[in-house]
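Just so you know, these numbers come straight off a predicted model, no measurement behind them. Order of listing sets the numbers, starting from 1, for every ligand and every atom in it. The first residue in the sequence is number 1, and the count goes up from there.
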Amino acid sequence: MSDETSPRELFESARKAMARAHAPYSKFPVGVALRADDGNVYLGANVENLSFPQGWCAEPTAIGAMVMGGGRKIVELAVIAEKLALCSPCGGCRQKIAEFASADTRVYLCDDAGVQKTVTMAELLPYAFDTDVIG
Ligand code: THU
């Protein structure tokens with residue numbers, strides 16, 4: 001996929017990803033689609049576990065797919081949960097996204113009709129943990 005990917009296309013991809021969620025316990029499927037610096041769109045859904053803390057969110061699924069597919073930077077990302085009018089990434093996922101994003105990376109918060117709100121990473125995670133002392 002090219003740089004021309006529209007928020008609408010990313011929303012539709014996130015909705016398809018949500019359909020693959022493994023969420024038998026919460027019954028709260030979440031889908032994520034992100035476009036990476038390699039031009040590809042990577043998908044993720046939440047994957048729950050009977051041992052509840054072992055489950056994980058849709059965002060790390062998509063980030064793992066991106067890293068293994070060769071992408072290294074998130075250009076834009078859409079998130080959707082069918083049971084929420086506006087699904088916003090949880091706190092832990094904001095930190096995970098930030099690892100591969102920039103302050104101006106766009107995040108599309110969606111419902112079943114499409115993108116309802118567009119925010120930047122700086123808005124989602126103000127005063128983010130960031131340092132060059134480590135590593
Ligand atoms: N969930 C996500 O996939 N992403 C988020 O940002 C928030 C929560 C999932 C985790 C769990 O499987 C379900 O939603 C209910 O919390």
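In terms of the side-chain hydrogen bond (donor to acceptor under 3.5 Å, both in side chains) criterion, residue partners of R8 (sequence neighbours excluded) are, by chain and number, E12.
Shown here is R20, whose CZ atom has no more than 12 heavy atoms of other residues, nucleotides or ligands within 6.0 Å.
Judged purely by atom type and a 3.5 angstrom limit, E59 has no side-chain atom pairing as donor or acceptor with the backbone of K96. The backbone N or O of E82 sits nowhere less than 3.5 Å from a side-chain atom of D112 that would complete a donor-acceptor pair. The backbone N or O of A33 sits nowhere less than 3.5 Å from a side-chain atom of K16 that would complete a donor-acceptor pair.
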If you look at each N/O of ligand 1, which protein N/O atoms lie under 3.5 Å away, and at what distance?
unit_1, atom_1, unit_2, atom_2, d
ligand 1, 3 (O), A58, N, 2.8
ligand 1, 4 (N), E59, OE1, 2.9
ligand 1, 6 (O), E59, OE1, 3.4
ligand 1, 6 (O), E59, OE2, 2.9
ligand 1, 6 (O), C90, N, 2.9
ligand 1, 12 (O), N46, ND2, 2.9
ligand 1, 12 (O), E48, OE2, 2.5

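Screening V30, V32, L124 for a side chain to side chain contact (heavy atoms under 4.5 Å, CB included) with P89, the sole residue that qualifies is L124.
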